[in-house]
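Down below is the structure, laid out as structure tokens.
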There are 2 protein chains.
Amino acid sequence: MIAEKVSEKTIRRLSHYARCLRLAKLKGESIVTSRQLASNCGISSAAVRRDLSIYGEFGKQGSGYNVDDLLVNLEKILGTTDPPPVIIIGAGSIGCALMVSGLNGTGGYSYEAIFDIDPGKIGKLCGESPIRSAEEIHGVIKDNHEVIAVIAVTRGAGQAALDLLIQAGCKAVLSFTLEPLKVPEDIEVRYVEVSTELDVLTHSMRRKERDPAMPKWSHS
Amino acid sequence: MIAEKVSEKTIRRLSHYARCLRLAKLKGESIVTSRQLASNCGISSAAVRRDLSIYGEFGKQGSGYNVDDLLVNLEKILGTTDPPPVIIIGAGSIGCALMVSGLNGTGGYSYEAIFDIDPGKIGKLCGESPIRSAEEIHGVIKDNHEVIAVIAVTRGAGQAALDLLIQAGCKAVLSFTLEPLKVPEDIEVRYVEVSTELDVLTHSMRRKERDPAMPKWSHS
DNA sequence: TTGTGATTGTGAATACTATCACAAATCAGA
DNA sequence: TCTGATTTGTGATAGTATTCACAATCACAA
Ligand SMILES: NC(=O)c1ccc[n+]([C@@H]2O[C@H](COP(=O)([O-])OP(=O)(O)OC[C@H]3O[C@@H](n4cnc5c(N)ncnc54)[C@H](O)[C@@H]3O)[C@@H](O)[C@H]2O)c1
Ligand SMILES: NC(=O)c1ccc[n+]([C@@H]2O[C@H](COP(=O)([O-])OP(=O)(O)OC[C@H]3O[C@@H](n4cnc5c(N)ncnc54)[C@H](O)[C@@H]3O)[C@@H](O)[C@H]2O)c1
């Protein structure tokens, strides 16, 4: 486990491998080959082996990888052996749906609490969790030194929510807002943007119409 | 507009630029520089210019880009001048939340219909849209030659939903399921995976703890 | 023990992407 | 009209990522 500089793309794929391994485990499989992982993730087997070889030698020539061992190692690499708690800020349609849907089967994550600023919502239930006042976030993050926050507030309130989280000591954020946020250097923010995915799909679809010679992407 | 092979990464950024331009338009700005776009998207101005130069010369040296013109051109490139309708399959927590939340301000997309197979749900309202039987998808896709489908069905039913969509002639899909799907060559499927984003965030957070010398990502 | 078939890990080659840095073009003001 | 301050578009370069292809290794059966 040396790993100087690893690309985000590789980390994404490791997460994917881990998910496949959990599934394989459920199906009772005890070994898996790079080719199987590759086909489940839509990439080449060489890419799988290359990704894993960055961190060590986890396989056995001739047979493949032990499912349990590889999963443990991947979780060690990702840091998800003991995953941090996740909180949601913004108890609107999206926030509540995420809370209700939950994070079962995603490797140990779970939503610990949901917050809002609307006094009319505070105290009401979202699934089985009471909606708490956004002012309480400060305390909750202090209690859980490490926490990931999901921002699902009204359009336009994204920066305010982010600032509140940062002030409370949060270092990792997943945002569903579409505004460009001002993010300090030491905070990691990632985005979920349905409309960008739609743009990518539209572009691909309309391009194929014009040029049916399926050139797919120049590179994944 | 030559563009032989363009990476998905570039397309994603173009989508991002388009979003920034819509915002700039709302704010009444009529020109924008590559540096402004860059700072809103968290990349370098050279990258912005490089991306745009793939498709033509849209700017004016010394001043920048005309907001309206560039937006029109980006939409032409993305194929979103007249965006395809979007449908949702699976009227559970996530599907309904997406429907209710809508796609306002995302460049013309809108959810046209939502489908489910649960007879207890069919006919009920999801926001203002009636939940329709999944059997009707066939007709709806025939009517709208081009359509993007969002899959938000129960875990385990993803492949069934995808197969139904493909049979109905759908070519572009955005899936919220976490299962590895078997996808034919001519169908484009993209995924929204909160748990992968959480893994990336966790990895980054835990890595910084061990090595506070902030090496961020090796790229992007 | 030896042979057979499968699979890993990786050097080398290829392909792709980002960054640098500057000439050419534009504008505003003297 | 001329000057200086900007900003674009892009050749050239540096840096990353992916693919190829194969020696090394292992499981197992004869
Ligand atoms: N990224 C995507 O793919 C995607 C998809 C759909 C919606 N969205 C976005 O998700 C966000 C939420 O959408 P929604 O339909 O759930 O909105 P909503 O209006 O239903 O809910 C927003 C909630 O946030 C609360 N809120 C507002 N400001 C807050 C603050 N500063 N702190 C805490 N809570 C606050 C409001 O009281 C409200 O309950 C919107 O920004 C929307 O644009 C994103
Ligand atoms: N990708 C993510 O980030 C993310 C986040 C949360 C949930 N999810 C996933 O989203 C999916 C939906 O979650 P949810 O909480 O809304 O589930 P849910 O159980 O609330 O709703 C699922 C709905 O799908 C319907 N359905 C089942 N099979 C169907 C079929 N073949 N055709 C049409 N409709 C069908 C069910 O009747 C139900 O109404 C799940 O797979 C979940 O794992 C993904």
Side-chain angles (χ1 to χ4, degrees), chain A residues 1-14 16-17 20-21 24 29-67 69-70 73-74 77 200 215-220, chain B residues 1-14 16-17 20-21 24 29-67 69-70 73-74 77 200 215-220:
Chain A
M1 250 189 250
I2 315 104
E4 297 280 323
K5 296 171 96 195
V6 182
S7 76
E8 177 186 328
K9 247 180 171 172
T10 295
I11 300 298
R12 277 195 129 66
R13 284 192 299 255
L14 295 181
H16 225 153
Y17 305 153
C20 290
L21 289 169
E29 296 163 19
S30 68
I31 60 165
V32 73
T33 67
S34 58
R35 191 181 311 184
Q36 290 174 296
L37 282 175
S39 100
N40 278 331
C41 300
I43 57 176
S44 76
S45 67
V48 174
R49 296 197 299 275
R50 176 72 68 193
D51 282 340
L52 297 178
S53 76
I54 296 172
Y55 291 96
E57 310 193 357
F58 305 114
K60 228 185 225 173
Q61 279 141 328
S63 45
Y65 302 86
N66 177 289
V67 170
D69 287 355
L70 185 54
N73 277 301
L74 284 178
I77 294 164
V200 175
K216 277 255 173 180
W217 298 110
S218 73
H219 145 261
S220 173
Chain B
M1 253 188 250
I2 315 103
E4 296 281 323
K5 296 172 96 196
V6 181
S7 77
E8 177 187 328
K9 247 179 170 174
T10 296
I11 300 299
R12 277 194 129 65
R13 285 192 298 255
L14 294 181
H16 225 151
Y17 305 153
C20 290
L21 288 170
E29 297 162 18
S30 67
I31 61 165
V32 73
T33 67
S34 58
R35 192 181 311 184
Q36 290 173 295
L37 282 175
S39 99
N40 279 331
C41 299
I43 57 178
S44 77
S45 67
V48 173
R49 295 198 298 277
R50 174 72 69 192
D51 282 339
L52 297 178
S53 77
I54 295 173
Y55 292 95
E57 310 193 359
F58 305 114
K60 226 186 226 170
Q61 280 142 327
S63 46
Y65 301 87
N66 177 290
V67 170
D69 286 355
L70 185 54
N73 277 301
L74 283 178
I77 294 165
V200 175
K216 277 255 173 181
W217 297 110
S218 76
H219 146 259
S220 172

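Side chains included, hydrogens not; waters and symmetry mates left out as well; all remaining heavy atoms used. To find a chain, count down the sequence lines: A is the first, B the second, and so on, and within it residues start at 1.
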I would like to know whether A:Ile54 and A:Ile77 meet side chain to side chain contact (heavy atoms under 4.5 Å, CB included); could you show each step before the answer?
-> CA-CA 11 Å; A:Ile54 296 172; A:Ile77 294 164; over 6 Å; no

Verdict with reasoning, A:Leu52 to A:Leu74, per side chain to side chain contact (heavy atoms under 4.5 Å, CB included) = CA-CA 9 Å; A:Leu52 297 178; A:Leu74 284 178; 4.0 Å; yes

Side chain to side chain contact (heavy atoms under 4.5 Å, CB included) between A:Leu14 and A:Tyr55, worked out | CA-CA 11 Å; A:Leu14 295 181; A:Tyr55 291 96; 3.7 Å; yes

Chi angles and distances behind the side chain to side chain contact (heavy atoms under 4.5 Å, CB included) call for A:Leu70, A:Tyr17 | CA-CA 9 Å; A:Leu70 185 54; A:Tyr17 305 153; 5.9 Å; no

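Between the P atom of C:dT7 and the CG atom of A:Asn66 lies a distance of 16 Å, rounded to the nearest Å. Between B:Ile54 atom CD1 and D:dG11 atom P there is a gap of 13 Å when expressed in whole angstrom units. Between the P atom of D:dT8 and the CG atom of B:Asp51 lies a distance of 13 Å, rounded to the nearest Å. Computed from coordinates, the A:Glu8 CD to D:dG15 P distance equals 21 Å when rounded to whole Å. Taking atom CD1 of residue B:Ile43 and atom P of nucleotide C:dA18, one finds them 9 Å apart after rounding to whole Å. To the nearest angstrom, C1' of C:dT8 lies 14 Å from CD of A:Gln36. A:Leu37 places its CG atom 12 Å from the P atom of C:dG9, with the value rounded to the nearest Å. Summarising the geometry, the separation between CD1 on B:Ile11 and P on C:dT17 is reported as 11 Å, rounded to the nearest angstrom.
Within the shown strands, D:dA24 is the pairing partner of C:dT7 under the Watson-Crick or G-U definition, both distances less than 3.5 Å.
An OP1 or OP2 oxygen of C:dT8 is reached within less than 4.0 angstrom by a side-chain nitrogen or oxygen of A:Arg49. Contact between the side-chain N/O atoms of A:Ser44 and the OP1/OP2 oxygens of D:dT19 is found at a separation under 4.0 Å. For B:Tyr65 and D:dG9, the shortest distance from a side-chain N or O to OP1 or OP2 is below 4.0 Å.
To the nearest 0.5 Å, atom CG of residue A:Asp51 and atom NZ of residue A:Lys9 are 11.0 Å apart. Distance check: B:Ile31 CD1 to B:Tyr65 OH gives 12.0 Å after rounding to the nearest 0.5 Å.
Of the N and O atoms on the side chains of A:Arg35 and A:Ser39, not one donor lies less than 3.5 Å from an acceptor on the other residue.
Backbone-only engagement by B:Ser34 is indicated by non-hydrogen atom pairs under 4.0 Å involving sugar-phosphate atoms exclusively. Using a 4.0 Å heavy-atom cutoff across all strands shown, B:Arg35 reaches sugar-phosphate atoms only and no base atom.
For A:Ser53, counting side-chain heavy atoms from C-beta on, the closest listed nucleotide (D:dG11, C:dT10, D:dT19) is C:dT10. When distances run from any side-chain atom of B:Arg50 to the nucleotides C:dG11, C:dT10, C:dT19, the shortest one goes to C:dT19.
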Using a 4.0 Å cut-off on protein heavy atoms (strictly under), produce a 5'-to-3' string for nucleotides 24-30 of chain C with B for base contact, S for backbone-only sugar-phosphate contact, and - for none.
-> BBBS---

